[in-house]
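These notes are about the structure you will find just below.
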Amino acid sequence: MAPMSGLDIAWVLICTVLVLLMQAGFTCLETGLIRAKNSINVAVKNVADFSLASLVFWAVGYGLMFGPSAFGLVGHDGFMLAGQAEVTPERSSEMVFFFFQLAFCGTSITIVSGAVAERMSFKGYLAATFILSLLIYPIIGHWAWGGLDSGSATGWLEKLGFIDFAGSTVVHSVGGWAALAAILVIGPRLGRFGQGGRAIEPHNLPLAALGMFLIWIGWFGFNGGSTLAVNHVVPVVLVHTLLAASAGGIAVMGLTWAIDQRPDVGATVNGVLAGLVAITASAHIVSTGGSVLIGAMGGFVSVLAAKLLERLEIDDAVGAVPVHLAAGIWGTLAVALFGEMSYFPNGASRFEQFTVQLTGVAAAGAYAFTLSFALMKLIDPFLAMRVRARAEREGLNISEHGASSALSELLGRMEDQSRRGDFSHKVPVEPFTEAGELAFRYNLVLDRFNSEVSAHEKAAAALREARDAAEIANAAKSEFLANMSHELRTPLNAIIGFSEIMTGGMFGEIENPQYKEYIHDIHRSSNHLLSLINDILDLSKIEANKMELADEDLDLGEEVRGCERLIRWRAQEAKLVFDVLIDEDLPRLIADRRALRQMILNLVSNAVKFTPEGGRVVLSVEREVDGRIAISVADTGIGIEKSDIPKALTPFQQISTGDTVYMADGTGLGLPITAALARLHGGTVVIRSEPGRGTEVTVRLPASRLQERPAKNKIEFV
């Protein structure tokens with residue numbers, strides 16, 4: 001190879017590094033366009049294929065591609081860069097050229113990686129890489145570029161006048177043909193086609209877009225370095241590369257927007273790449289307008305090819321075949337359609353040049369596809385080109401490399417929970433990751449699910465308890481009716497008996513003192529009977545939500561003293577000490593007079609009923625610090641167990657513990673009715689009791705029901 005100038009060497013080396021940057025771009029692009037459970041596998045394939053292709057191209061491929069030609073078909077010398085060890089200008093230039101061509105070889109090989117992602121075995125992929133870098137890419141490269149290092153045509157396509165400036169066919173179509181052969185051999189991903197088949201969504205489109213930009217930047221080295229020198233052609237090539245890529249992206253964005261009513265992100269990313277592939281064959285001999293048309297058509301062609309593959313149920317995981325094969329074919333043919341004719345070899349017309357371009361496309365396709373398909377079919381029984389179904393479902397990160405990620409771990413946990421039907425444990429959350437956010441949201445779903453299950457279980461338990469309670473309530477009501485019959489019968493018998501005695505004149509004239517005692521007993525029995533009936537009526541109204549308060553402006557102190565006069569005789573009969581403590585200057589109260597008296601009388605009656613002879617009952621009324629009114633009745637009676645207090649507030653419940661029965665004669669409705677009346681007034685009832693020491697029941701009425709008394713000696717001005 002003729003020596004290159006220092007500036008040319010620097011330029012080609014810079015461009016080579018830019019081409020190598022495309023490997024990082026392909027890694028990001030392919031990783032973003034597939035599922036997370038296979039992302040590590042795709043990344044490792046990109047590392048492995050470039051490393052293996054570099055060694056194979058150094059050992060054999062470079063010699064086959066650029067060695068002395070045998071009949072224009074293949075080179076036969078220059079293996080392992082054979083030559084003198086000392087560094088000469090010629091040797092240095094050869095190394096630069098080799099380095100640049102090696103980067104091209106790596107680009108062609110890695111195209112296959114994305115197409116076969118998510119189901120091709122790692123060893124099968126290495127075999128495909130070996131085949132492509134040894135037997136396919138160098139041979140077709142020799143046909144089209146065999147004399148590139150010497151400046152004279154040696155390959156048979158080269159001699160025909162075939163133009164492929166930077167490899168629309170040699171690099172991209174060849175990689176696309178090999179990718180197509182591979183995906184036909186291994187078949188589509190599970191769940192992609194057939195019954196219930198669906199499109200498989202990419203897991204990280206922003207990463208794919210980043211990969212596209214890295215490839216785009218690298219492409220300036222890909223096309224710009226193909227001049228192999230710093231000259232006036234370089235700026236033209238770079239501008240045409242930029243315009244074609246932009247046109248490809250915009251064309252696909254507009255097309256998908258028109259078809260689907262929204263721009264497709266993945267297709268737009270691939271549209272940019274298709275524009276780059278299309279312009280690669282002719283970037284040096286077209287106009288700026290031509291480059292825009294070529295790039296736009298490259299985008300359109302890639303979309304149409306993707307639709308065709310989908311209709312044929314051919315599964316390309318990242319769209320590599322539409323981008324590199326379809327757009328590569330279009331770009332190669334576009335040379336004859338848009339290229340400046342003065343640059344056509346041998347003075348060819350457009351039709352003649354189109355025929356040469358079509359010949360090159362057909363020859364490269366026939367050789368690359370046929371050999372790739374045949375060799376992969378032969379290798380498949382021995383190397384298993386495709387992973388097993390279980391490994392594909394699990395993900396190639398784990399099955400092929402034993403590597404995992406936060407997302408794959410999460411998916412595994414979720415699948416395990418689904419299989420076992422146990423959703424009682426949360427999945428671990430990996431902080432500051434997308435998988436962690438998904439885990440957090442999934443845990444919220446688990447919380448809600450478990451909450452709903454718990455609620456249903458509680459509801460079922462409540463229904464069982466309600467059934468049991470209904471049975472107990474029926475028994476309690478039966479017992480209540482029996483007690484009530486006795487309670488009603490006793491005062492009625494007394495009234496009837498005393499009435500008959502008085503009617504028969506057993507003790508003579510009506511003025512007899514004995515009659516006065518009977519009249520007193522009749523009056524007391526009648527009041528007791530009326531109280532029982534009122535209790536029953538009040539309870540029925542309260543339970544039916546028909547109890548209405550007749551609020552009045554009451555003097556609370558006077559109402560309490562009135563109740564005292566009505567109940568004191570019962571305390572005296574029971575031989576109890578009965579004290580009444582009333583704060584001075586109590587505010588006036590807005591309340592139902594009858595309900596207020598009933599609450600006070602019920603509390604005092606209960607206290608008297610359950611306090612042994614010689615005990616004490618205290619009725620107190622005071623205004624508390626928070627402004628509420630507290631009406632309390634405390635006794636030194638038998639008391640109630642703490643666990644039985646709720647029963648005391650339940651209608652028809654008879655409280656008993658072992659042989660001890662707390663309920664004396666009566667309906668047992670006093671406390672429940674008192675609590676209900678207090679609630680109607682917006683108040684509360686609190687019970688504190690200790691067996692053997694007594695009970696204190698406090699009714700608190702809200703401050704909103706109070707009216708302050710006017711201040712004494714207050715002077716009003718009119």
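These figures come from a predicted structure and were not determined experimentally.
Put simply, the side chain of D635 never gets that close to the backbone of V618: no donor and acceptor are under 3.5 Å apart. Side-chain atoms of N204 do not come within 3.5 Å of backbone N or O of L33 as any donor-acceptor pair. In this structure a side-chain-to-backbone donor-acceptor pair under 3.5 Å is present from H456 to E452. Side chain of K426 to backbone of D447: no donor-acceptor contact under 3.5 angstrom is found. Distance alone, capped at 3.5 Å, is enough to place a donor-acceptor pair between the T31 side chain and the T27 backbone. In terms of modelled atom types and a separation under 3.5 Å, the side chain of S632 and the main chain of T698 share no donor-acceptor contact. A distance-only check finds a donor-acceptor pair linking the side chain of N270 to the backbone of V318 [under 3.5 Å].
When each of N38, I40, V44 is paired with L396, the side-chain contact (heavy atoms from CB on, under 4.5 Å) condition holds for N38 and for no other.
Counting only residues at least two apart or on different chains, the salt bridge (charged side-chain N to carboxylate O under 4.0 Å, His left out) pairs with a member in residues 693-707 are D551-R705, E624-R700, R688-E696. Residue pairs satisfying the salt bridge (charged side-chain N to carboxylate O under 4.0 Å, His left out) criterion with at least one member in residues 595-607, sequence neighbours excluded, are listed as follows: E559-R597.
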Open item on the list: Walk me through whether D626 and R628 qualify under salt bridge (Lys or Arg N to Asp or Glu O under 4.0 Å).
Closed with: CA-CA 6 Å; D626 61 3; R628 291 185 297 175; 2.9 Å; yes
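Atom CG of residue L589 and atom CG of residue L701 lie 6.0 Å apart, to the nearest 0.5 angstrom. Taken to the nearest 0.5 Å, the CG atom of L556 stands 9.0 Å off from the CZ atom of R561. Residue L677 holds its CG atom at 8.0 Å from CG of N602, rounded to the nearest 0.5 Å.
Of the N and O atoms on the side chains of N41 and E400, not one donor lies less than 3.5 Å from an acceptor on the other residue. With hydrogens and angles left out, the side-chain atoms of H681 and D592 include no donor and acceptor closer than 3.5 Å. Side chains of R594 and Q598: a donor on one and an acceptor on the other come within 3.5 Å.
Salt bridge annotation for R570-E573: absent, with no cationic side-chain nitrogen under 4.0 angstrom from a carboxylate oxygen. A salt bridge is absent between E392 and R388; no separation between the charged side-chain nitrogens and carboxylate oxygens falls under 4.0 Å.
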Show me the side-chain donor-acceptor pairs of residues 576-584 shorter than 3.5 Å, one per line, residues at least two apart or across chains.
unit_1	atom_1	unit_2	atom_2	d
D579	OD2	R616	NE	2.7
D579	OD2	R616	NH2	2.5
D583	OD2	R623	N	3.3

